[in-house]
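A note on names: the letters A, B, ... follow the listed sequences, proteins ahead of strands, and every chain is numbered from 1.
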Amino acid sequence: MSNHYGQAVGRVIASEHTNTTEFKVVLHDDCYLQLDDLVMVETEVPGFGSVRTYGVVTESEGIYEGASYESDTFRIAEQGILPAAKVRSAKVAITRVDPEKWVAPDPGEVVYQVSGEHRDKALYKDEMGRALPVGIGKDGEPVFADLDFFDGRKGGHMSISGISGVATKTSYALFFIRMLTAHPKILGEGAHNLRVLVFNVKGEDLLWLDKPNRDLTVEAREEWDLLGVEPTPFDSVSFWAPPRRSSGGVSLPDTGGRIVGINTFAWTPREFIDEGLLSFLFTDISDLRSQISFVEERVRSQLRRRAVDVAGEPGAVVLRDPSEAKALGTQAVRPDRGERVIRSLNDLVEALEGYLDPDDGEPEIAWTGRTQSGTVSAFMRRLHAATHRLGHLVAAGESRRVDRTQATITVISIQTLHDLGQRFVVGALLEETFREKEKSGQRLPLSVILLDELNKYAPRDSRSPLKEMLVDIAQRGRSLGVLLLGAQQTASRVAPEVLENAALRVAGRLDAAEAERSEYGWMLPSTRARARIFKPGTMVLSQPALPVPIVLTFPFPAWATRQEEVLETEDPFQGL
Amino acid sequence: MYHDHVAEELTETLEQDTEAQDASAARLHIETWSPEYGAPLDTTEEVVSGPIDCQVETSDWSPRPPSLEGCPNEVAFVDGVRRIEARLTLDHPDDGPVPGLMAAFGVGYVQWDRAGRRSSIDGIEVERMLVMAGGYRVGLDTGPRFPISFESVPGDDPSELISHLQRRMRSAETALVHRLAGPDRLVIADGPIREVWPHPIVGYIKTHHVMYLGKTERPIIGRLRAGQRSPLFLIETRLPRYSWYLRLADLMGGHSWTGIVRGEVAAAMGINQAVKTANWATGLLPGLASEGHLDPRAPQNLVPIGALERDLRRNLGDPGLTIRALRAAVRELMAA
């Protein structure tokens, strides 16, 4: 039986109390409800009229009525001598009462599995300012999220959790970005000049975003169609990688599988000093505990006051007396005979050594303050280590900094860098993006940042300049249009400020112990229990517009995620 | 052939016990049924008795094996439950207090599809009545949710009221048996048979109020193993019937009558059909015996019947609601 509400699947159970948060449905013999199905009940409220109660199925149950003992099972099902009635039922969490009279649904009323207009109502689609399809529900229909809660109007940021290896977090984040970029009409004015900064921290999964995936099936195509998006790769992507350490005069990107179409990036000593990137060399957990940060701050400001451009050598600097440097301003000078020209991080460190830890004589107080010599040594030790690990990221010459205006999506490949180097690059680029927006004070154009392994960059239990920046982005980024798409294996290890500010929360498969933590309190208990067995491609999404989280799937990516997946559209050997 | 009123004998035995006779030759047992149900060996309630003929099937009084040859696939179990909801007193100025009661009964059956290995409950009917003694009839408006029939019995013996209820339930059961009976269905009905049927209908008697066997035949009870029956014997009453004892289960520590039930069929079906039907029942019923830890009347209360009774009791409705409706109706009547 069905009508304009949908199919009648059963009735509200009469042997238990209904209330305004949940009720149970006893099902007709020929119907079923599975988890996450959407249902509706119409209740006649005395003196008011009819209200419709919408809900989502959170549990499915079955029992033989008439069986009092466990062994009755055999008498019923095997021997058939005990009469019993098989009863199947489903638990429903109420999502909405329309019109808003918060009364419990009447027992015994018909329960419909909703479709069409009533499905939209169950999911509050009719109340969403800008409904963006963000996945496919269990019923095969699109699930929507209100963009007002992502782009900063009412809320911002998205947090994605899930164990790695089942390719869910980054895949979902990219799918979400694809939806954002492919639906400019829904995104509205934010679509103009939208910039997405993506960090590739593991493997080379994200270096093929512009290539079609040859494993894309017909079914996946249909899913993309359902979401209103062409199953094509991203069309506006620029890729950036650090240069190889020993690529001679040529600057080759430090990537494995793909070299063509990848830009190399680096900072000149001038940029390094001006932007205060020195602080991102001290992102280790132990650095902030000691006096090292004090030394670092002093050194950073001294460098800024003393750096003078070198004529004929773009990006290189010499260090002069602050008063002289001030007088020179942006004017370039020719280096004096024997004067140290800083062309690389190594040069800079050596120059600093002369001030801070000279072989003969005392360190200059202007640089060290009055810190103990042990602290200064520790500072220098770290600088030496940094030179070794990320020295190749700082080099004089024409500016090769990342140009985020080149394409909508900017992929920064940092997987080959040491941890210290990764933190440095992430810190430097976030700083750049955030300061830029801070200066403009405008929410638009929107700047989205996709960063995996947030637990590494914004750990719960320690301090670092990087964490402080991420917390700052989480707290103020919303109004400045800097939107964090953060992913992590374990939300419990990420700074709570970062998590709490994310309006959209998504989780894929979770570790069993992790799923029990309070960070996942937004999930229904039944969903939590199921989260440990989610298949790849299944996520649960919570958004402020909807009181219960919705389980969804998303289509197989239309872009390649590995070199082997790339669909070769032309002969690679052509012209050879 | 010899005639025997076993009830008398049983009374004798009891009297002997009270006179503190030597019981060293006997063994003492605790009845398996919960005490609130009485005991399978009970000496009150409705009794079928008459002259007994123990030679109708054979003179060889040894245990007989079961046989399911020709047994219908469909087996129906008919039973009823009753409940006294309230006792009433009509304070009559002339006749003094007149007793009455409100009671409900329900009847139904379990259909067992042996080949399909499934059972289902069907045919449930519930009736609620208000019976007054002394021929008085009172009318109360208990509302549409509690339809009640108003009945009366002559005389002022309160036990008549219960008997009336019992009769009404039995006749509803009989009507149901009548509806179900057919050549392709074996019907097992609770209690002694009450009519002559051409079809296989077995009266199933769980309690033994009367000892039908004489001293010569009685030892066979102790020799019956689970799934064996005694030879048929004829009870010559207004409605002559063939009867037999059968053991449902061998219970550890039980006395010789533990796990014994009695079956009966109308003698009108003839001895051959009666033997067949008895063999079927003997083959089927032990598999349906309930277990002591699950049913207070195990093993005699068969599994399907136990389930039917539970279902019937639930169908009688909530006793609290009934008494509330009755109180409201009485109050209204008195106010009018």
Side-chain angles (χ1 to χ4, degrees), chain A residues 1 8-19 23-32 41 43-47 60-91 103-111, chain B residues 68 71 73-79 106 108-124 145 180 186 188 204 248-249 281 283-299 301-315 317-318 321:
Chain A
M1 189 181 80
V9 288
R11 286 181 181 268
V12 178
I13 253 173
S15 54
E16 286 180 18
H17 287 273
T18 60
N19 59 40
F23 63 88
K24 275 173 89 172
V25 192
V26 56
L27 296 164
H28 292 308
D29 280 348
D30 54 350
C31 294
Y32 75 92
V41 182
T43 297
E44 195 64 28
V45 178
S60 158
E61 298 176 338
I63 195 171
Y64 271 122
E65 270 183 354
S68 333
Y69 303 99
E70 292 171 13
S71 58
D72 282 348
T73 314
F74 295 111
R75 292 182 192 94
I76 296 163
E78 206 167 287
Q79 298 156 272
I81 59 172
L82 182 65
K86 191 195 286 176
V87 178
R88 294 165 310 128
S89 59
K91 246 185 217 157
V103 292
D106 274 354
E109 286 298 335
V110 177
V111 177
Chain B
L68 287 177
C71 179
N73 176 50
E74 282 186 11
V75 182
F77 301 87
V78 176
D79 196 11
Y109 70 95
V110 174
Q111 171 89 336
W112 179 27
D113 170 3
R114 294 199 297 127
R117 289 168 186 253
R118 26 187 331 268
S119 298
S120 52
I121 292 174
D122 207 351
I124 288 184
R145 282 204 295 164
L180 292 171
L186 174 63
I188 314 272
Y204 179 76
L248 291 173
L284 292 175
L285 299 186
L288 305 173
S290 49
E291 295 188 40
H293 56 290
L294 304 184
D295 193 313
R297 286 181 290 165
N301 205 38
L302 300 178
V303 167
I305 289 179
L308 176 62
E309 287 184 349
R310 269 200 301 278
D311 208 55
L312 287 172
R313 268 188 214 107
R314 211 175 53 241
N315 272 276
D318 184 75
L321 281 179

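The candidate from Ala67(A), Gly80(A), Ala77(A), Gly66(A) with the greatest count of non-hydrogen atom pairs under 4.5 Å with chain B is Gly80(A). For the set Pro304(B), Ser119(B), Gly116(B), the entry with the most heavy-atom pairs within less than 4.5 Å of chain A is Ser119(B). For the set Asp311(B), Leu302(B), Val303(B), the count of heavy-atom pairs under 4.5 angstrom toward chain A peaks at Val303(B).
Looking at Glu291(B), only its side chain comes within 4.5 Å of chain A, counting heavy atoms on both sides. Looking at Ala85(A), neither its backbone nor its side chain comes within 4.5 Å of chain B, counting heavy atoms on both sides. Only the backbone of Arg118(B) comes within less than 4.5 Å of a heavy atom in chain A; its side chain stays farther off.
Side-chain atoms of Arg117(B) come within 3.5 Å of backbone atoms of Glu78(A) as a donor-acceptor pair (strictly under, hydrogens ignored). Between the side chain of Arg11(A) and the main chain of Val26(A), no donor-acceptor pair closer than 3.5 Å is present.
Here the CG-CG distance, from Leu308(B) to Leu82(A), works out to 11.0 Å after rounding to the nearest 0.5 Å.
Between Glu65(A) and Arg314(B) there is no salt bridge, since none of the side-chain N atoms of the basic residue sits less than 4.0 Å from a carboxylate O of the acidic one.
Nearest heavy atom pair, residue Glu70(A) against residue Thr73(A), reads O-OG1, 2.5 Å.
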